[in-house]
Undergrad: 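Sharing a structure, written as structure tokens. Questions coming.
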Amino acid sequence: MSKILVTGGLGFIGSHTVVELQNEGYDVVIIDNLSNSSRDVLQGIIGITGKEPVFEELDLRDKQGVQNFFKTHSDINGVIHFAASKAVGESVGNPLLYYENNINTLIYVLQELDKLKDANFIFSSSCTVYGQADELPITENAPVKPAESPYGNTKQIGEEIIKDSCKVIPNLNAIALRYFNPIGAHESALIGELPIGVPLNLVPFITQTAAGLREQLSVFGDDYPTSDGTCVRDYIHVVDLAKAHVIALKRLLEAKNKSNFEVFNLGTGTGSSVLEAIKSFEYVSGEKLNYKIAPRREGDVVAAYADTEKANQELGWTSELTLDDAMRSAWKWEQKIRNK
Ligand code: UD1
């Protein structure tokens with residue numbers, strides 16, 4: 001069976017993807033530096049799949065370490081590269097950390113791929129590359145807008161670096177997956193999102209407020225030109241997202257890709273407002289959420305949701321789980337970690 005390297009495999013999306021890979025019979029090797037994750041996640045993965053992935057604690061900024069890793073694991077058939085920093089605000093305050101973490105590490109991994117027989121590469125990109133798109137839903141052909149933050153810039157530059165590498169590394173085939181807003185947790189509540197400190201993203205803030213860790217959720221702005229005045233996003237269940245990675249990988253392993261660098265949006269195609277997300281949470285949890293309307297947050301786009309046609313038709317992937325499913329699983333996970 002194919003052996004797949006998952007960098008950042010103990011993180012939020014990474015761990016869910018490891019589960020789906022192992023469920024499909026792949027042998028998985030995880031690299032993670034535990035900077036925003038925990039070794040305990042391995043127990044969750046084993047609990048769900050009954051199988052222990054190989055785990056190497058390694059910081060990908062350690063170039064020599066990366067070279068040594070690929071010498072030992074020269075039989076890898078594919079790489080899913082999640083390892084990166086992802087806090088927008090932090091990236092504004094510490095851009096060089098973001099360029100080092102997200103760009104240097106990408107380069108070090110790509111530099112080793114010409115030594116592999118099968119250099120199949122999946123990259124975590126983001127809908128942030130579109131900025132505020134002129135047309136909704138957003139297709140993959142929508143122009144990439146100047147990045148609003150160093151974090152967003154690392155996703156744009158990352159895609160460019162991979163595209164250029166595909167022109168010169170003969171056996172390299174890559175897919176960049178542009179995620180919309182990943183939320184939720186595995187239905188077993190054995191793995192989920194583990195934000196460090198005060199969450200910046202909506203759903204962990206909602207569940208932590210309901211769990212009593214936060215006083216009140218601030219809804220950032222209710223005067224946007226949307227149906228109820230709050231921002232609209234495409235919230236995609238992390239398990240659906242994880243499955244898309246396995247499908248994308250298979251596409252490369254079976255050489256079904258149309259070019260050696262492809263891009264796909266991963267979203268549900270449905271936009272939900274912040275107030276709709278809160279309603280969904282309240283419905284599935286039976287909890288009343290304490291929230292207030294607050295000023296707009298700087299840098300927020302008004303609305304973003306995916307045109308899913310290309311992912312549906314070309315990749316053969318469609319999201320299956322709903323916003324309610326995602327909220328239910330996020331709430332189950334929050335309750336589980338609070339009762340630990
Ligand atoms: C953010 C990043 C995006 C990144 C993604 C990673 C920004 C501007 N964008 O997306 O680049 O890829 O996270 O997960 O930071 N909201 C509230 N109150 C809160 C938190 C959020 O009202 O306490 C609202 C926001 O205004 C937004 C929506 O909820 O309308 C979703 O916010 P969030 O979960 O932070 O995701 P994005 O900002 O869409």
Side-chain angles (χ1 to χ4, degrees), residues 8 11-14 16 36 82 84-93 98 102 123-133 136 138 144-156 158-159 176-184 192-210 213-238 241 265-268 271-281 289-306 323 326-327 330:
F12 175 42
I13 308 173
H16 288 82
N36 194 19
F82 292 104
S85 300
K86 60 163 190 172
V88 177
E90 184 186 46
S91 79
V92 176
Y98 271 67
N102 295 8
F123 180 62
S124 293
S125 190
S126 168
C127 68
T128 195
V129 303
Y130 300 118
Q132 179 57 70
L136 293 168
I138 304 173
V144 168
K145 295 268 178 79
E148 294 268 353
S149 69
Y151 159 75
N153 214 11
T154 66
K155 293 300 172 191
Q156 299 191 2
E159 285 194 12
L177 298 174
R178 292 176 176 165
Y179 314 149
F180 281 68
N181 287 57
I183 62 163
E193 195 170 2
L194 282 170
I196 292 174
V198 182
L200 302 168
N201 295 116
L202 179 65
V203 174
F205 206 105
I206 289 178
T207 55
Q208 287 197 8
T209 305
L213 264 82
R214 311 281 154 217
E215 173 75 30
Q216 191 176 46
L217 169 79
S218 292
V219 173
F220 297 137
D222 70 345
D223 56 352
Y224 284 101
T226 60
S227 59
D228 62 22
T230 63
C231 291
V232 167
R233 296 286 183 277
D234 186 339
Y235 296 98
I236 166 97
H237 198 302
V238 66
L241 199 66
N265 282 342
L266 296 183
T268 65
S272 304
S273 73
V274 178
L275 292 179
E276 282 167 345
I278 293 171
K279 271 197 205 98
S280 165
F281 173 79
L289 192 77
N290 183 17
Y291 70 88
K292 64 164 187 214
I293 304 299
R296 291 180 175 194
R297 177 172 74 176
E298 205 186 324
D300 270 340
V301 298
V302 180
Y305 50 95
L323 179 60
M327 287 293 184

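First listed ligand is number 1; within each ligand, the first listed atom is number 1.
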Undergrad: Counting neighbours of CD on Gln208 that are heavy atoms of other residues, nucleotides or ligands and sit closer than 6.0 Å, is the number greater than 12?
TA: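 Check passes, neighbour count above 12.
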
Undergrad: Let me confirm one number: the CD1-CZ distance from Ile183 to Arg233, rounded to the nearest 0.5 Å.
TA: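 Rounded to the nearest 0.5 Å, the CD1-CZ separation comes to 13.0 Å.
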
Undergrad: Can you list the ligand 1 atoms lying under 4.0 Å from a non-hydrogen atom of Cys231?
TA: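 This gives 30 (O) as the contact atoms.
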
Undergrad: How does Tyr224 reach ligand 1, by side chain, by backbone, by both or by neither, if only non-hydrogen atoms under 4.0 Å count?
TA: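 Contact part for Tyr224 vs ligand 1: neither.
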
Undergrad: How would you list, by chain and number, every residue that makes a side chain to side chain contact (heavy atoms under 4.5 Å, CB included) with Val88, sequence neighbours excluded?
TA: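 Result, side chain to side chain contact (heavy atoms under 4.5 Å, CB included) vs Val88: Ser149, Tyr151.
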
Undergrad: May I ask whether Tyr291 places a heavy atom under 4.0 Å from ligand 1?
TA: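 No, Tyr291 has no heavy atoms under 4.0 Å from ligand 1.
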
Undergrad: Among the heavy atoms of Gly152, does any lie under 4.0 Å from an atom of ligand 1?
TA: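 No, Gly152 has no heavy atoms under 4.0 Å from ligand 1.
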
Undergrad: In Å and rounded to the nearest 0.5 Å, what is the OH to CD distance from Tyr291 to Glu215?
TA: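 Going from the OH atom of Tyr291 to the CD atom of Glu215 covers 16.0 Å.
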
Undergrad: Do Lys155 and Arg178 come close enough that some side-chain heavy atom pair is under 4.5 Å?
TA: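 A side-chain contact under 4.5 Å is absent here.
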
Undergrad: Would you call Cys127 and Asn265 a side-chain contact if the rule is heavy atoms closer than 4.5 Å?
TA: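 No. Closest side-chain heavy atoms not under 4.5 Å.
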
Undergrad: Between Thr230 and ligand 1, find which residue part has any heavy-atom pair under 4.0 Å and reply side chain, backbone, both or neither.
TA: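 No part of Thr230 is near ligand 1 at this cut-off.
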
Undergrad: Pull out every atom of ligand 1 sitting under 4.0 Å from any heavy atom of Thr128, numbered as shown with elements.
TA: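 Listed by number with element, the hits are 11 (O).
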
Undergrad: Show me which atoms of ligand 1 lie under 4.0 Å from any heavy atom of Val219.
TA: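 Contacts of ligand 1 toward Val219, numbered from 1: 22 (O).
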
Undergrad: Kindly say whether Phe205 contributes a backbone atom to a donor-acceptor pair with the side chain of Thr209 at under 3.5 angstrom?
TA: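 Indeed, once roles are kept as given, a pair shorter than 3.5 Å links the two residues.
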
Undergrad: Determine, stepwise, if the pair Tyr224 / Val274 fulfils side chain to side chain contact (heavy atoms under 4.5 Å, CB included).
TA: CA-CA 11 Å; Tyr224 284 101; Val274 178; over 6 Å; no

Undergrad: When rounded to the nearest 0.5 angstrom, what distance separates CG in Asp223 from OG1 in Thr230?
TA: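 Output value for this atom pair is 10.5 Å.
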
Undergrad: Nearest to atom 7 (C) of ligand 1, what protein heavy atom do you find, and at what distance?
TA: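 For this ligand atom, the closest protein heavy atom is Val88 CG2, 3.6 Å.
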
Undergrad: Within the structure, does Lys86 bring an N/O atom to less than 3.5 angstrom of an N/O atom in ligand 1?
TA: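 Among all N and O atoms of Lys86, none is under 3.5 Å from an N or O of ligand 1.
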
Undergrad: Determine, using heavy atoms of Tyr179 and all atoms of ligand 1, whether some pair is separated by less than 4.0 Å.
TA: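 In this structure, Tyr179 fails to qualify as a contact of ligand 1 - no heavy atom is under 4.0 Å.
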
Undergrad: Leu200 heavy atoms, cut-off 4.0 Å: which ligand 1 atoms fall inside?
TA: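 Those qualifying, in numeric order: 20 (C), 35 (O).
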
Undergrad: Atom 18 (N) of ligand 1: which protein heavy atom is closest, and how many Å away?
TA: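 The answer is Ser218 O, 2.7 Å.
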
Undergrad: Side chains of Ile138 and Phe180: does their closest heavy-atom pair fall under 4.5 Å?
TA: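 Sidechains of Phe180 and Ile138: in contact.
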
Undergrad: Say whether Val203, considering both its backbone and side-chain N or O atoms, lies within less than 3.5 Å of an N or O atom on ligand 1.
TA: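 No - when backbone and side-chain N and O of Val203 are compared with those of ligand 1, no distance drops under 3.5 Å.
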
Undergrad: Against heavy atoms of Ser126, which atoms of ligand 1 measure under 4.0 Å?
TA: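 Numbered from 1, ligand 1 contributes 12 (O).
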
Undergrad: Do me a favour and list the nearest non-hydrogen protein atom to atom 13 (O) of ligand 1 with residue, atom name and distance?
TA: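 Looking only at protein heavy atoms, the one closest to atom 13 (O) of ligand 1 is Asn201 ND2, 3.2 Å.
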
Undergrad: Which ligand 1 atoms does Leu217 reach within 4.0 Å, using its non-hydrogen atoms?
TA: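 That gives atoms 18 (N), 19 (C), 23 (O) of ligand 1.
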
Undergrad: Considering distance alone, does some N or O of Pro182 sit under 3.5 Å from an N or O of ligand 1?
TA: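 Such a contact does not occur with ligand 1.
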
Undergrad: For Tyr235, counting its heavy atoms only, list the atoms of ligand 1 lying under 4.0 Å from any of them.
TA: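 The list of qualifying atoms is 28 (C), 29 (O), 31 (C).
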
Undergrad: How long is the span from the CD atom in Glu193 to the NE2 atom in His16, to the nearest 0.5 Å?
TA: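 Rounded to the nearest 0.5 Å, the CD-NE2 separation comes to 9.0 Å.
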
Undergrad: Tell me which protein heavy atom sits closest to atom 26 (O) of ligand 1, plus the residue, atom name and distance to 0.1 Å.
TA: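 Result for atom 26 (O) of ligand 1: Asp300 OD2, 2.6 Å.
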
Undergrad: Who's the nearest protein heavy-atom neighbour of atom 16 (N) of ligand 1, and how far?
TA: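 The protein heavy atom lying closest is Phe220 CD1, 3.6 Å.
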
Undergrad: Answer yes or no: is there a side-chain heavy-atom contact under 4.5 Å between Glu148 and Thr128?
TA: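 Heavy-atom side-chain distance check fails, nothing below 4.5 Å.
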
Undergrad: What distance do Leu202 atom CG and Thr207 atom OG1 have between them, rounded to the nearest 0.5 Å?
TA: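 Here the interatomic distance stands at 9.5 Å.
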
Undergrad: Which heavy atom of the protein is the closest neighbour of atom 10 (O) of ligand 1, given with residue, atom name and distance?
TA: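 Of every protein heavy atom, Asn181 ND2, 4.0 Å lies nearest to atom 10 (O) of ligand 1.
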
Undergrad: Considering non-hydrogen atoms of the protein only, which is the closest contact for atom 38 (O) of ligand 1, and what is the distance?
TA: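 Of the protein heavy atoms, Arg297 NH2, 2.7 Å lies nearest.
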
Undergrad: Can you report which non-hydrogen protein atom sits closest to atom 4 (C) of ligand 1, along with the distance?
TA: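 Ranked first by proximity to atom 4 (C) of ligand 1 is Tyr151 CE2, 3.8 Å.
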
Undergrad: To the nearest 0.5 Å, what is the distance between CG on Leu289 and CZ on Arg214?
TA: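 Going from CG on Leu289 over to CZ on Arg214, the span is 13.5 Å.
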
Undergrad: For Val274, take its heavy atoms, then give the atoms of ligand 1 lying under 4.0 Å from any of them.
TA: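 Answer for ligand 1: 22 (O), 24 (C), 29 (O), 30 (O).
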
